[in-house]
*Asks:* 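Structure in C-alpha cells, see below.
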Number of protein chains: 2
Amino acid sequence: MSEKKSYSIGELASEFDVTTRSIRFYEDQGLLHPTRRGQTRIYSSQDRVRMKLILRGKRLGFSLAEIRDLFSLWDETLSGSEKQLNLLLEIISQKRAELDQQLKDIAMVQVELDNAEIRCREALAELQAQKQQVS
Amino acid sequence: MSEKKSYSIGELASEFDVTTRSIRFYEDQGLLHPTRRGQTRIYSSQDRVRMKLILRGKRLGFSLAEIRDLFSLWDETLSGSEKQLNLLLEIISQKRAELDQQLKDIAMVQVELDNAEIRCREALAELQAQKQQVS
DNA sequence: CAGATACTTTACGTTTACGTAAACTTACCC
DNA sequence: GGGTAAGTTTACGTAAACGTAAAGTATCTG
C-alpha cells in the first residue's frame with residue numbers, strides 16, 4: 001500500500017533516527033548507492049531496506065566493512081562462478097556459526113541477569129524486613 | 001579439581017587469545033583489579049571469570065564502559081540502598097530488552113542467510129545444468 | 001525576491017580499543 | 001653471571017565511526 005518509491009536523506013535520517021552525516025558516511029563506505037537529482041541524493045525503497053539491514057547489523061556488533069561485504073556477497077550471488085559460489089556458501093556457514101555463538105552468549109547473559117535480579121530482590125526483601133523490626 | 005588460584009598476565013593472554021596489552025588496558029579502564037607481587041600483576045580465578053565475561057560482552061557488541069558499569073552494578077548489589085536497588089532492577093530489565101532485540105535481529109539474519117544459501121545452491125544447480133547441456 | 005530550510009562538499013576533531021616501540025626491571029637457566 | 005624470556009611503565013600511532021564546523025547551492029514559501 002504505502003509503497004513510497006523515493007526518499008530524501010532527511011526522511012531516512014528521521015525515520016531511522018540517525019544523522020545525515022551517518023547516512024552519507026555509509027555511502028562513502030560503499031554501503032549505499034543512492035541516485036542523484038543534480039547534486040541531491042535520492043534514496044529508493046531498496047536503499048531504505050539496506051538502512052534497516054545496516055542498523056540491524058550494527059546492533060549485532062558487525063562492522064560497516066563486514067556489512068558491506070555481506071551486501072556485495074548477496075549482490076554477486078547470481079553472477080558468481082562455481083568457485084565463487086562455493087566460497088559464498090562457506091562464508092554463509094561461518095556467519096551462521098557466529099550467530100550461534102551469539103545465541104549462546106545471550107543465553108548465558110540472560111542467566112546472569114536472572115541471578116542479578118534475584119540477588120537484587122533478596123536484598124530488597126532484607127531491607128523490608130529490617131524496617132519491620134525497627135517499627 | 002583443577003582450581004588454579006592465580007594466573008600471570010601471559011597465561012590469561014594465551015588462554016583467551018588476547019594480547020597482554022589488552023589485558024592491561026582492561027585494568028586501566030577499571031574492568032580488572034589484579035593484585036601485585038612487587039610490580040608483577042597476579043590474577044585470581046575471579047579475574048579469570050571476569051575475562052570470560054568481558055569477551056562475552058564484547059562479542060555481543062557491548063563497549064568496555066558498559067561492561068565495567070555492569071560489573072560495578074553487580075558488585076554494589078548487596079550494599080545498595082532501596083533506591084539503588086530499584087534502579088538496578090530497571091537497568092537489568094533494560095538490558096533484558098536489548099538482548100530480546102538482539103534475539104529478534106539474529107532470527108531475521110538467520111532467515112536471510114537461509115535465503116542466501118538457497119539462492120546460492122540454485123545458482124550452482126543452474127551451472128551444473130549448463131554443463132550437462134554442453135557435454 | 002528575501003529569508004528560512006534542506007541539501008551539498010570539504011575537512012579537521014573525537015572517542016574507543018587497542019597496536020607498537022622504547023627503555024627498563026625481574027626471574028629463571030645453564 | 002650472562003643471556004633470554006616475561007614482566008613493567010610511558011607514550012605515541014592507528015582504524016573505525018562518526019561529530020562538528022564552514023561555506024556554498026537549491027528549493028520552497030509567504
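Note on naming: letters A, B, ... go to the chains in the order of the sequence lines (proteins, then strands), and numbering restarts at 1 for each one. Because only heavy atoms are used, hydrogens play no part in the values below, and waters and symmetry mates are left out as well, while side chains stay in.
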*Asks:* What's the CG-P distance between A/Leu32 and D/dA17, to the nearest Å?
*Replies:*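 These atoms are roughly 14 Å apart.
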*Asks:* Can you check salt bridge (charged side-chain N to carboxylate O under 4.0 Å, His left out) on B/Lys95 and B/Asp69, steps first, answer last?
*Replies:* CA-CA 12 Å; B/Lys95 289 290 168 194; B/Asp69 291 349; over 6 Å; no
*Asks:* Taking for each residue the nucleotide of DNA chain C bearing the nearest heavy atom, is the 5' side occupied by A/Gln39 or by B/Thr40?
*Replies:*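 Closer to the 5' end of DNA chain C: A/Gln39.
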*Asks:* Can you list, in residue-number order, the parts of residues 42-63 of chain A that come under 4.0 Å of DNA chain D, counting heavy atoms only?
*Replies:* A/Lys58, A/Ser63
*Asks:* Would you check if there is a donor-acceptor pair between the side chains of A/Glu90 and A/Asn86 at a distance under 3.5 Å?
*Replies:* no
*Asks:* Test the A/Arg50-A/Phe71 pair against the cation-pi criterion, namely NZ or CZ under 6.0 angstrom from the six-membered ring centroid and within 45° of the ring axis.
*Replies:*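 Output yes; distance and angle both within limits.
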*Asks:* With no hydrogens and no angle check, just 3.5 Å: does a side-chain donor-acceptor pair link B/Ser44 and B/Asp47?
*Replies:*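 A donor-acceptor contact under 3.5 Å links the two side chains.
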*Asks:* Starting from P on C/dT8, measure out to CG on A/Leu12 and report it in whole angstrom.
*Replies:* 11 Å
*Asks:* Apply the test salt bridge (charged side-chain N to carboxylate O under 4.0 Å, His left out) to residues B/Arg56 and A/Glu112: give CA-CA distance (whole Å), side-chain angles for both, the deciding distance (0.1 Å), then the verdict.
*Replies:* CA-CA 12 Å; B/Arg56 185 176 298 153; A/Glu112 281 154 25; 2.9 Å; yes
*Asks:* Starting from P on D/dA5, measure out to CD1 on B/Ile9 and report it in whole angstrom.
*Replies:* 19 Å
*Asks:* One pair to check against side-chain hydrogen bond (donor to acceptor under 3.5 Å, both in side chains): B/Asp105 and B/Gln101. What are the steps and the verdict?
*Replies:* CA-CA 6 Å; B/Asp105 287 333; B/Gln101 177 62 52; 3.1 Å; yes
*Asks:* Using whole Å, report how far CD1 of B/Ile67 lies from C1' of C/dC18.
*Replies:*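 Taking atom C1' of C/dC18 as the reference, CD1 of B/Ile67 is at 14 Å.
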*Asks:* I need the residues from residues 16-31 of chain A with at least one non-hydrogen atom less than 4.0 Å from DNA chain D; give them sorted by number, or say none.
*Replies:*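 A/Thr19, A/Arg21, A/Ser22, A/Phe25, A/Tyr26 - these, ordered by number, are the residues of the stretch whose heavy atoms sit under 4.0 Å from the strand.
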*Asks:* Base, sugar-phosphate, or nothing: which does A/Arg37 touch, judged by heavy atoms less than 4.0 Å apart?
*Replies:* nothing
*Asks:* Among B/Arg36, B/Arg21, B/Arg68, whose salt bridge (charged side-chain N to carboxylate O under 4.0 Å, His left out) with B/Glu27 holds?
*Replies:*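 Among B/Arg36, B/Arg21, B/Arg68, the one that satisfies the salt bridge (charged side-chain N to carboxylate O under 4.0 Å, His left out) with B/Glu27 is B/Arg36.
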*Asks:* Does B/Arg59 pair with A/Glu98 as a salt bridge, N-O distance under 4.0 Å?
*Replies:* no
*Asks:* Tell me the interatomic distance from B/Asp69, atom CG, to C/dT16, atom C1', rounded to whole angstroms.
*Replies:*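 Result: 14 Å.
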